[in-house]
Protein chains: 2
Amino acid sequence: MEKSVIELEPAASVLKLLGDKTRLTMMGLLKDGECCVCEFVEVLQMSQPSISQHLRKLRDAGLVKERKKGQWVFYSLNPDHEAILLIERILTIIPDQMEKLNDLEKKGLRICCD
Amino acid sequence: MEKSVIELEPAASVLKLLGDKTRLTMMGLLKDGECCVCEFVEVLQMSQPSISQHLRKLRDAGLVKERKKGQWVFYSLNPDHEAILLIERILTIIPDQMEKLNDLEKKGLRICCD
DNA sequence: TGCATATATAAGCGTATGCTTATATACTGA
DNA sequence: TCAGTATATAAGCATACGCTTATATATGCA
């Protein structure tokens, strides 16, 4: 069940994770649905290891879930996280990242993953 | 005027600042009104320089304002911050810090500042 | 003027963070 | 079975962070 109040320490941990431009963008992308690693790499224009390391932090903290399909790994928001309410509130207040995914699609780069 | 969407970079900066237990507690205290430095020191049980340095970060980022009165400096939330909506949303979701101030009052430690 | 109190700043230090490059692992298809 | 693609992990490094101790600044009061 969602809690409407989150204890200070876990709240600070979540905020710390989201207090990084790269990870915040990632979470913003995931708000609109799951993404695979290669999409993050394309959208964020960062090295694959760097992306992977950020994803690991998010996954270790339980903010995202992974789903493996073939050689790809898709990430999505974890709706069961204790601070999901806090996370959602934050994600609704930042600019929509969908546009970046659409740009990818135009370049034909998004079809790779399925 | 308050914006209902905050750009990603400034949002990340604010989240980073709030992603520290000490600063998040401080902001939680300020939600209920202004506090002077010595109160933070008492409530948080931290050294005065450490408190002062955290306050400086919050002030440099415009999250809090200061008001000098005599030898004391009172801090309060800055309602004009561009991300005030984000800040308020976060502060409403963490536990009320008022209790800690009340505890101080019981110990007679809060009367010092006026 | 001089001393006490409140706050800020500076310097130093151990640790955390985020990137890079190199390499390991996992899956797919020929 | 082997080569290619996707992802993860490891090691190294520069920088950021948060604390400590020491000191500076500012205000109030005798």
Side-chain angles (χ1 to χ4, degrees), chain A residues 8-9 12-27 29-30 34-61 63-76 104 108-114, chain B residues 8-9 12-27 29-30 34-61 63-76 104 108-114:
Chain A
L8 207 125
E9 202 133 4
S13 299
V14 167
L15 295 173
K16 186 174 188 176
L17 280 167
L18 298 186
D20 173 275
K21 192 188 172 187
T22 302
R23 287 191 296 265
L24 187 57
T25 308
M26 288 173 141
M27 293 292 280
L29 285 164
L30 293 179
E34 60 180 15
C35 290
C36 78
V37 180
C38 59
E39 289 175 315
F40 286 125
V41 172
E42 276 302 323
V43 170
L44 297 168
Q45 291 284 287
M46 293 183 63
S47 74
Q48 177 268 318
S50 187
I51 293 293
S52 227
Q53 283 157 10
H54 281 298
L55 283 168
R56 181 146 82 118
K57 289 198 174 194
L58 293 174
R59 180 164 37 83
D60 285 351
L63 270 68
V64 303
K65 293 186 304 178
E66 63 170 34
R67 176 176 73 88
K68 302 194 181 187
K69 187 181 178 193
Q71 51 191 329
W72 297 287
V73 180
F74 291 85
Y75 284 86
S76 58
L104 254 198
L109 286 168
R110 214 195 168 187
I111 7 171
C112 67
C113 311
D114 51 353
Chain B
L8 208 125
E9 201 132 6
S13 299
V14 167
L15 295 173
K16 187 174 187 174
L17 280 167
L18 299 186
D20 173 274
K21 191 188 172 187
T22 303
R23 287 191 296 266
L24 187 58
T25 307
M26 287 173 139
M27 293 293 280
L29 286 164
L30 293 179
E34 60 180 14
C35 290
C36 79
V37 181
C38 60
E39 289 174 316
F40 287 125
V41 172
E42 274 303 322
V43 170
L44 297 169
Q45 290 284 290
M46 293 182 63
S47 74
Q48 178 269 317
S50 187
I51 292 292
S52 227
Q53 283 156 11
H54 282 298
L55 283 168
R56 180 145 83 118
K57 289 199 173 194
L58 294 174
R59 181 164 36 84
D60 285 352
L63 269 69
V64 302
K65 294 186 303 178
E66 63 169 34
R67 176 176 73 89
K68 301 193 183 189
K69 187 181 179 194
Q71 52 191 330
W72 296 287
V73 181
F74 290 86
Y75 284 87
S76 58
L104 255 198
L109 286 168
R110 214 195 169 188
I111 8 169
C112 65
C113 311
D114 52 350

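Look at CD on A/Gln71: it is 14 Å from C1' on C/dA30, rounded to the nearest Å. Going from atom CZ of B/Arg67 over to atom C1' of C/dT7 covers 15 Å, rounded to whole Å. Atom C1' of nucleotide C/dA26 and atom NZ of A/Lys69 are separated by 17 Å, given to the nearest angstrom. Atom CG in B/Leu24 sits roughly 13 Å away from atom P in D/dG18 (whole-Å rounding). Between B/Asp20 atom CG and D/dA16 atom C1' the separation is 13 Å, expressed in whole Å. C/dT7 atom P lies 12 Å from atom CD of B/Glu34, rounded to whole Å. Atom pair A/Asp60:CG and D/dT9:P shows a separation of 8 Å (rounding to whole Å applied). Atom-to-atom, CZ of A/Phe74 to P of C/dC27 comes out at 15 Å; the value is rounded to the nearest Å.
Mapping A/Met46 and A/Gly70 onto DNA chain C via the closest heavy atom, the residue that lands nearer the 5' end is A/Met46. Nearest-nucleotide positions on DNA chain D place A/Gln53 closer to the 5' end than the other of B/Gln53 and A/Gln53.
Between the base of C/dA8 and the side chain of B/Gln48 there is a donor-acceptor pair shorter than 3.5 Å.
Using a 4.0 Å heavy-atom criterion, one finds that B/Tyr75 contacts the sugar-phosphate atoms exclusively. Among the heavy atoms of the strands, none lies under 4.0 Å from B/Lys21. B/Lys16 comes within contact range of the sugar-phosphate backbone alone, with a heavy-atom separation under 4.0 Å but no base atom that close.
Across D/dA6, C/dA6, C/dC19, the shortest atom-to-atom separation from the side chain of B/Trp72 is found for C/dA6. Nearest to the side-chain atoms of A/Ser50 among the listed nucleotides D/dT20, D/dA8, C/dT20 stands C/dT20. Listed candidates were C/dT20, D/dT5, C/dT7. Nearest to the side chain of B/Cys38 is C/dT7. Relative to the side chain of B/Val73, the nucleotides C/dT7, C/dA22, C/dT5 differ in distance, and C/dT7 lies closest. Side-chain proximity of B/Lys57 to D/dC19, D/dG18, D/dA8: nearest is D/dG18. Residue B/Thr22 has its side chain nearest to D/dC19 when only C/dA8, D/dC19, D/dA8 are considered.
Between A/Arg23 and the choices A/Leu55, A/Leu58, A/Leu18, the side-chain contact (heavy atoms from CB on, under 4.5 Å) rule is met once, by A/Leu58.
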Verdict with supporting geometry, A/Arg56 and A/His54, side chain to side chain contact (heavy atoms under 4.5 Å, CB included): CA-CA 5 Å; A/Arg56 181 146 82 118; A/His54 281 298; over 6 Å; no

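For A/Ser47 and C/dT20, the shortest distance from a side-chain N or O to OP1 or OP2 is below 4.0 Å. Put simply, B/His54 has no side-chain N or O that comes within less than 4.0 Å of OP1 or OP2 on D/dC17. Considering only side-chain N and O atoms, A/Arg56 lies nowhere under 4.0 angstrom from the phosphate OP1 or OP2 of D/dA8. For B/Arg23 and D/dG18, the shortest distance from a side-chain N or O to OP1 or OP2 is below 4.0 Å.
Looking only at side-chain heavy atoms (C-beta outward), A/Val14 and B/Leu15 stay at 4.5 Å or farther from each other.
The closest donor-acceptor contact from the side chain of A/Glu39 to the backbone of A/Cys36 lies under 3.5 Å. Without hydrogens or angle criteria, A/Thr25 side chain to A/Lys21 main chain gives a donor-acceptor distance under 3.5 Å.
Shown here for B/Thr22 and B/Asp20, the closest heavy-atom pair between the two residues is N-OD1, 3.0 Å.
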